[in-house]
Every structure is written in C-alpha cells, then in structure tokens.
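Here the structure comes first, spelled out in structure tokens, and everything after it is commentary.
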There are 2 protein chains.
Amino acid sequence: MTTSSMKDVARTAGVSVGTVSNVLNRPEAVAEETKRRVLAAIAKLGYVRNDSARQLRAGRSRSVAIVVLDVANPFFTDVVRGAEPLVDSAGGVVTVCDSGEDVRREQRQLEILEEQRVLGLLITPVDDSSAERLERLTAHDIPVVLVDRGAGLHPHCSVAVDDVHGGRLAARHLVDRGHHSIAFIGGPMSIPQVRDRLAGCREVSEEAGVGLETFTSVSLNVAGGREAIEQMLRLPQVPTAVFCANDLVALGALQGLTMHGVKVPEECAIVGYDDIDFAAAAAVPLSSIRQPRAQLGRTAAQLLFDEIAEGKGHTHRNVVFQPELVARASTAVEM
Amino acid sequence: MTTSSMKDVARTAGVSVGTVSNVLNRPEAVAEETKRRVLAAIAKLGYVRNDSARQLRAGRSRSVAIVVLDVANPFFTDVVRGAEPLVDSAGGVVTVCDSGEDVRREQRQLEILEEQRVLGLLITPVDDSSAERLERLTAHDIPVVLVDRGAGLHPHCSVAVDDVHGGRLAARHLVDRGHHSIAFIGGPMSIPQVRDRLAGCREVSEEAGVGLETFTSVSLNVAGGREAIEQMLRLPQVPTAVFCANDLVALGALQGLTMHGVKVPEECAIVGYDDIDFAAAAAVPLSSIRQPRAQLGRTAAQLLFDEIAEGKGHTHRNVVFQPELVARASTAVEM
DNA sequence: CGGAATGATTGAATCGTTTCACGTGGGGGT
DNA sequence: ACCCCCACGTGAAACGATTCAATCATTCCG
C-alpha cells in the first residue's frame with residue numbers, strides 16, 4: 001500500500017478525520033498541539049490530498065481550461081501566458097488543450113472538460129459547430145469565454161480583436177503602397193477569423209478597384225503558406241502583394257517566394273497577422289497586424305472570474321480590441 | 001438544479017444505478033430494450049459523467065502531464081506534439097504545464113499533479129532540486145519520464161539528446177570555420193542542458209586552443225539573447241562567433257547584433273540549438289544543432305506507457321539520441 | 001417436470017474528502 | 001456555586017460513480 005489517506009493520518013495522529021481536514025483547511029480552528037501532531041503524521045506517512053475526492057465533494061474542479069487552435073502558434077501561447085497569472089492568483093490551475101483546428105478533437109476535449117467539471121473555459125472554437133455544446137456547458141454552470149471571436153453572436157462573454165478592421169488595415173496599407181493586385185492566403189475558410197480578415201481586405205480592395213485573388217491554405221501554419229504560394233506562382237499574372245491570415249502563413253509564404261527566387265518586398269510584398277515575436281525576426285522582417293495577445297488572455301480570464309463571482313445575475317460582456325498595423329521591411333517598397 | 005447524476009438517470013429510466021453504470025461501461029452486459037431506455041433518459045436529462053467520482057473510485061486519473069520549461073518555446077511544443085497522438089490513442093488526456101524555468105512554480109505544479117493522481121508525468125525539470133519530489137511521485141506509483149535530461153542520473157526512465165556532444169558539434173563547426181574566439185550565451189547555469197552544451201563547447205575549444213567567453217543569460221529566450229549581446233559588445237576584444245544554448249537565445253543574439261550594426265555572419269557568426277522551424281526562417285537563417293523534437297515526445301510517452309504496463313517488474317530505460325549540425329547562412333563565412 | 005445453467009438486474013459497500021450538528025470540559029462572570 | 005459560553009474535537013452524512021455478490025427470471029436438458 002503506497003498511498004495513505006486521511007484516515008491513516010487520523011489514526012497515526014490519534015485524532016478523527018474531521019480534525020485532519022480542519023488542520024488542512026481551517027488551521028486556525030485547531031489547537032497548536034493537535035496541529036503539530038497531525039502535521040507530523042502527515043509528514044511521516046507522506047500523505048497527499050486526493051483531489052478527486054475533494055472535487056467530488058466540492059462539485060467543481062480548480063482548473064480553467066484554455067482550448068486553442070494550435071499550441072505551436074506563438075499567438076496562442078502568448079494568450080495563454082496572459083491568462084495564467086490571473087488564474088494562478090485565484091488559486092486555479094491552467095489546462096491547455098490543443099484542438100489542432102480539428103472539430104472532432106475539439107468535441108472530444110469539450111466532452112472531457114465537461115466531465116471534469118472544470119471551473120471555466122476559455123476557447124477559440126474551430127468553427128460554429130461547437131456553439132451548441134458550448135451553450136450546454138453554460139447551462140451546466142460552466143462559464144465559457146470566447147477568445148478572439150466575433151462578439152455578440154453567442155450567449156457568452158468574449159474578447160476579440162476586430163478582424164474585419166484588421167483586414168482593412170492590411171489592404172489599405174498595400175493599396176497605399178501602390179499595389180494593384182493582392183493575394184489573400186488563409187484557410188480553412190470555416191475559421192471565422194479567416195473569413196473576417198478576408199472580408200475586411202475585400203472591402204478595401206473593391207473600394208479601391210484593386211484585384212483580389214484568394215488562396216485557401218489547408219491549415220494556418222508555415223506549410224500552409226508555402227503550399228499556397230506554389231499555387232499562386234502558377235497564375236499567369238502573379239499578384240504583387242500577399243496578405244496572410246496569420247504570421248505563420250506569412251513566414252511560409254516568405255519561404256515559398258524566396259525559394260522561387262521572388263524578391264520580397266521588391267517583387268512581392270507581404271503582410272502578416274498577429275505580429276508574433278518571430279515576425280520581426282524573419283528573414284525579411286514582416287509587416288503585420290498586431291493584436292494585443294497577452295491582453296486578450298488576461299481580459300478573457302478576468303471576464304471568466306467576473307462571471308463566476310457574479311453568478312446568476314451576470315450579464316455577458318463582449319470586449320473588442322482594435323488591431324494596429326506594424327509596417328516593416330516586407331512592405332517597404334512603393335510599386 | 002442544473003446537473004443530473006446517475007441516480008436521476010436511473011430514476012427516469014426506471015432502473016437501478018448499477019444498470020446505468022453498466023450501460024456506460026459494459027453495454028454488452030445489458031439487454032437492448034433496457035439500454036435504449038437508459039440512453040433515452042441520458043439524452044433527455046443531458047447527463048454527463050462526473051469524472052471526479054470516477055477517478056475517486058478508480059484511484060487514478062486519465063491525464064498524462066507534461067511539464068515544460070517554456071510553452072512559448074517551439075522546441076517544447078514540438079515535443080508535446082510528438083507525445084500527444086500516443087497518449088490520445090491510449091485513451092488518455094494530455095495536460096501541459098509551463099514551469100517557466102521557475103523552481104517554485106514547478107514545485108507547485110508537481111504538488112497539484114500529485115494530488116490529481118495523474119497517470120504519469122513527462123518532465124523537463126528546471127534543475128536538480130526536484131529530484132526528491134520526483135522520486136516521491138514514483139514511490140506513490142506515478143511513473144515519471146525525464147525529457148531532454150542527462151540519462152542514468154535518476155531512478156526514472158528518460159529520453160535525452162546528448163547535449164555535450166551537441167556542444168562539441170557547434171564548437172567544432174565554428175573552429176572549422178576559422179574562428180579563434182567564441183562566446184557562449186545561455187543560462188541560468190542551474191539548467192543542466194545549458195551546462196552540458198557549454199561543457200561540450202569548452203572541451204573542443206580548449207583542445208583547439210580557442211578562446212571561450214561565457215555570458216549568462218537570465219532566461220533561455222529572445223530577450224535573454226539580446227541582453228547578453230549588450231554585455232558581449234562591451235568587451236575590448238569582441239568574439240567573432242557565438243554559440244547560443246537554444247534558438248530563441250540565438251534569435252535574440254541576432255537581433256542584438258543587427259541592432260548594433262554587427263554583420264552576421266561576416267563579423268560575427270551564430271550557432272543556435274534545437275533547430276526549431278523559425279531558425280531556418282530567421283533574418284539570417286541560423287545554423288543550429290538539431291534535436292529530434294517530436295521523436296523525443298513520442299518516445300517519452302512510449303516509455304511511460306511501457307512502465308505503466310509492466311508495473312512492478314519494470315526496469316528503467318534511458319534513451320539517448322544524437323543531435324546533428326545543420327549549417328546555414330549564420331556561419332557561412334570563413335574567418 | 002425438476003434442476004441446472006444462463007442472463008439480466010439490483011442493492012449495498014466503497015473510494016477519500018468536506019461539512020455540520022453535536023458533545024465535552026474548562027474558565028469566567030455574577 | 002451556578003450558568004453560559006468558548007474552544008476543540010468527534011462522528012456521520014453527503015458527493016457520484018463502480019463493482020460484485022446476490023436475486024430473480026428464463027430457458028434448456030435429461
């Protein structure tokens with residue numbers, strides 16, 4: 001028998017289990033001498049609290065789950081970083097889940113998180129198909145905060161960055177630089193952020209009478225960007241600028257273009273999205289649309305705890321941040 | 001009352017809780033008709049299993065924890081990625097914990113994980129101070145696999161890459177390129193990987209009669225690299241090459257050097273470590289020491305499940321991979 | 001037609017905490 | 001001397017699922 005329980009501790013200390021529990025949870029309510037004896041017993045037996053039993057009694061766990069599209073994307077790790085301190089100081093634990101942009105994985109994870117009765121959930125859903133399940137979580141008293149997702153659409157709190165506006169900023173920047181035909185790279189199109197960024201871009205390009213080709217990448221990562229460039233370069237008339245749905249795609253695009261001897265920014269400009277740290281450190285430092293990453297995480301966690309604290313009387317809040325353009329070498333040439 | 005239990009399901013289906021449990025866990029043992037009724041009740045009530053209760057009974061949870069030094073470091077996310085499929089297919093769940101190179105945080109997380117009775121633990125410990133606690137976990141039947149850590153030192157399974165050899169490879173490469181004085185950047189020195197990589201580097205530099213200055217960075221990230229370069233550039237005689245303890249530090253070093261107008265690789269060469277994807281995409285593509293990142297994760301998970309399966313009769317295995325040099329532009333000049 | 005074998009379901013014990021209504025004994029106030 | 005209150009402790013009842021021996025029907029076979 002390697003694991004000892006409260007009962008064992010109680011026995012060795014010559015007290016009741018209730019007292020052991022008190023030593024652990026309300027030390028001020030137990031006499032010095034007794035406390036000493038109990039602590040000694042705990043040390044001697046190497047007793048460790050059983051969280052399952054605790055949770056069973058409490059009805060909830062202490063973990064706050066964050067479900068992201070891609071843990072390997074620095075954007076998301078920065079969001080997680082932003083949320084962590086708050087959760088920590090509230091005595092919680094952060095659990096990171098990677099849905100990998102895969103609806104089925106996401107489903108499975110949500111199921112498990114629900115079974116675990118997590119304290120709350122921050123999530124960037126893959127697409128709209130999880131809406132139902134998320135509402136169900138809320139109905140089961142598990143607050144959900146949507147991260148980086150269009151506001152107001154769902155009965156949850158949310159933090160988001162105005163992606164349509166971000167798309168506009170990118171396109172406006174390229175138009176100002178004199179480009180007449182733009183390529184948009186991103187996908188899959190089921191991801192709302194991708195659609196929104198594209199929408200903003202389209203808005204500006206149409207208004208300015210500039211051509212817009214879209215290339216759907218399989219995934220929002222480096223490989224996706226590289227592959228999309230292959231397609232693009234097969235066009236009879238290759239666009240002189242690409243706007244990528246995120247920086248990983250942009251880095252992939254940069255690699256693809258360089259590999260084919262296309263000079264960036266002279267022959268083709270690039271604008272990315274997120275402004276992850278690596279964007280500035282790229283072969284050609286990337287112009288990008290900056291999002292307040294850590295702030296997103298921090299605010300999301302804050303909203304979550306607010307909702308928990310307010311309980312039933314809570315009204316959802318939807319916080320929207322504005323993105324900003326960071327111009328670097330990858331768009332440094334006038335056409 | 002928003003959450004229903006087995007008892008509720010049993011009542012609505014007109015059966016006993018034992019039967020409900022059977023429907024869920026051994027469906028073949030219950031009659032079709034009954035099963036239908038129970039499933040209907042489950043659907044109607046929106047019943048969700050309570051994992052805490054399950055675990056309490058089972059004595060273990062289903063989660064495999066991975067404790068890493070820095071989630072924002074692509075090296076670690078790749079390791080996690082490698083481990084995930086295996087854990088998944090074994091019906092487990094991955095929990096990622098970020099110790100942030102902070103011993104106290106690590107301690108706290110280990111405590112929590114022990115309380116949670118996790119299935120097992122993959123960990124890159126911050127330093128040796130957790131050895132005791134880790135042994136205690138093993139004693140409590142929680143298998144521990146050390147990731148990216150010197151083999152044989154501890155009573156656990158481990159997967160590692162030969163860091164001393166990696167350091168040698170880097171130094172050898174720089175010596176071959178004709179450098180006469182090398183700077184090592186990395187830290188804190190309490191991290192064993194840092195010490196080993198430095199040791200390998202020192203070995204070769206001494207053997208070759210080449211100068212070696214070491215700069216201790218506060219942390220193994222971009223900022224750490226940038227700051228170390230500030231120090232280095234104050235030297236009367238600035239080294240012509242730097243070997244960085246990982247790629248993030250190397251990227252920081254690259255930024256620092258560029259900011260001060262030092263040309264890479266003409267005036268100063270750089271070798272990184274890990275060969276993360278971003279290394280190849282950097283402003284000056286980085287030479288680096290490649291580690292089999294995903295393989296590390298995969299093997300670690302495999303060892304863990306082996307240990308669980310073998311039980312008491314298990315003997316620890318220590319798998320060591322060999323790193324390899326990937327030469328790119330950042331060392332492309334002969335001195 | 002009796003008895004055994006098979007199949008389906010039940011009920012109660014159990015996991016390890018937390019919580020709360022109750023003792024119990026001693027000390028202070030009047 | 002009496003009463004009351006306080007400070008400490010106790011014991012037992014939850015929490016929700018799993019498991020297993022026991023029960024109850026059937027069916028099958030000789």
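Lettering of chains follows the sequences in order, A, B, ..., and the numbering in each one begins at 1. Note: hydrogens, waters and symmetry copies are ignored here, and every other heavy atom, side chains too, is used. Everything numeric in this text was worked out from a predicted model, so none of it was measured.
- Contact annotation for B:S5: backbone-only contact, meaning every heavy-atom pair under 4.0 Å involves sugar-phosphate atoms and none involves a base.
- Salt bridge present: B:R36 and B:E33 bring a charged side-chain N and a carboxylate O closer than 4.0 Å.
- When the P atom of C:dG16 is taken as reference, atom CZ of A:R11 falls 12 Å away, rounded to whole Å.
- Salt-bridge annotation for B:D8 and B:R11: present, with a side-chain N of the basic residue lying under 4.0 Å from a carboxylate O of the acidic one.
- Looking at A:R62 and A:D51, a side-chain N of the basic residue comes within less than 4.0 Å of a carboxylate O on the acidic one, giving a salt bridge.
- A close approach under 4.0 Å does occur between a side-chain nitrogen or oxygen of B:S21 and OP1 or OP2 of D:dT18.
- Rounded to a whole Å, the CG atom of B:N50 is 18 Å from the P atom of D:dA14.
- We find that CG of B:D8 is positioned 11 Å from P of D:dC15, with the value rounded to whole Å.
- Atom CG in B:L45 sits about 12 Å away from atom P in D:dA17, given to the nearest Å.
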Under 3.5 Å between N/O atoms: give me all the protein pairs with nucleotides 22-26 of chain C, atom names plus distance.
none

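- Between A:D51 atom CG and C:dC15 atom P there is a gap of 19 Å when expressed in whole angstrom units.
- Nucleotide D:dA12 holds its P atom 13 Å from the NZ atom of A:K7, rounded to whole Å.
- Distances shown here put a side-chain N or O of B:R54 below 4.0 Å from the OP1 or OP2 atom of D:dT18.
- Note: OH (B:Y47) to P (D:dG16) measures 10 Å, nearest angstrom.
- One atom, CZ of A:R26, and another, C1' of C:dT18, lie 9 Å apart when rounded to the nearest Å.
- A donor-acceptor pair is defined here as one N or O able to donate and one able to accept, closer than 3.5 Å; such a pair exists between the side chain of B:S99 and the backbone of B:V68.
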Taking only nitrogen or oxygen atoms into account, show me every contact under 3.5 Å that the protein makes with nucleotides 7-14 of chain C, one pair per line with its distance.
{"unit_1": "C:dT9", "atom_1": "OP1", "unit_2": "B:T34", "atom_2": "OG1", "d": "2.2"}
{"unit_1": "C:dT9", "atom_1": "OP2", "unit_2": "B:A31", "atom_2": "N", "d": "3.1"}
{"unit_1": "C:dT9", "atom_1": "OP2", "unit_2": "B:T34", "atom_2": "OG1", "d": "3.4"}
{"unit_1": "C:dT10", "atom_1": "OP2", "unit_2": "B:S16", "atom_2": "N", "d": "2.8"}
{"unit_1": "C:dT10", "atom_1": "OP2", "unit_2": "B:S16", "atom_2": "OG", "d": "3.1"}
{"unit_1": "C:dT10", "atom_1": "OP2", "unit_2": "B:T19", "atom_2": "OG1", "d": "2.6"}
{"unit_1": "C:dT14", "atom_1": "O2", "unit_2": "B:R57", "atom_2": "NE", "d": "3.1"}

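- The residues B:D70 and A:R81 are annotated as salt-bridged, a charged nitrogen and a carboxylate oxygen being separated by less than 4.0 angstrom.
- Within the 4.0 Å cut-off from OP1 or OP2 of C:dT18, at least one side-chain nitrogen or oxygen of A:R49 is found.
- Of the N and O atoms on the side chains of B:S63 and B:Q116, not one donor lies less than 3.5 Å from an acceptor on the other residue.
- At a threshold of 4.0 Å, the pair A:R317-A:E310 does not count as salt-bridged, since none of the basic side-chain nitrogens sits closer than that to a carboxylate oxygen.
- The residues B:R108 and B:E111 are annotated as not salt-bridged, no charged nitrogen and carboxylate oxygen being separated by less than 4.0 angstrom.
- At a threshold of 4.0 angstrom between heavy atoms, the contacts of B:N25 are confined to the sugar-phosphate backbone, with no base atom among them.
- Judged by distance alone, the side chain of A:E114 and the main-chain N or O of B:V48 form no donor-acceptor pair under 3.5 Å.
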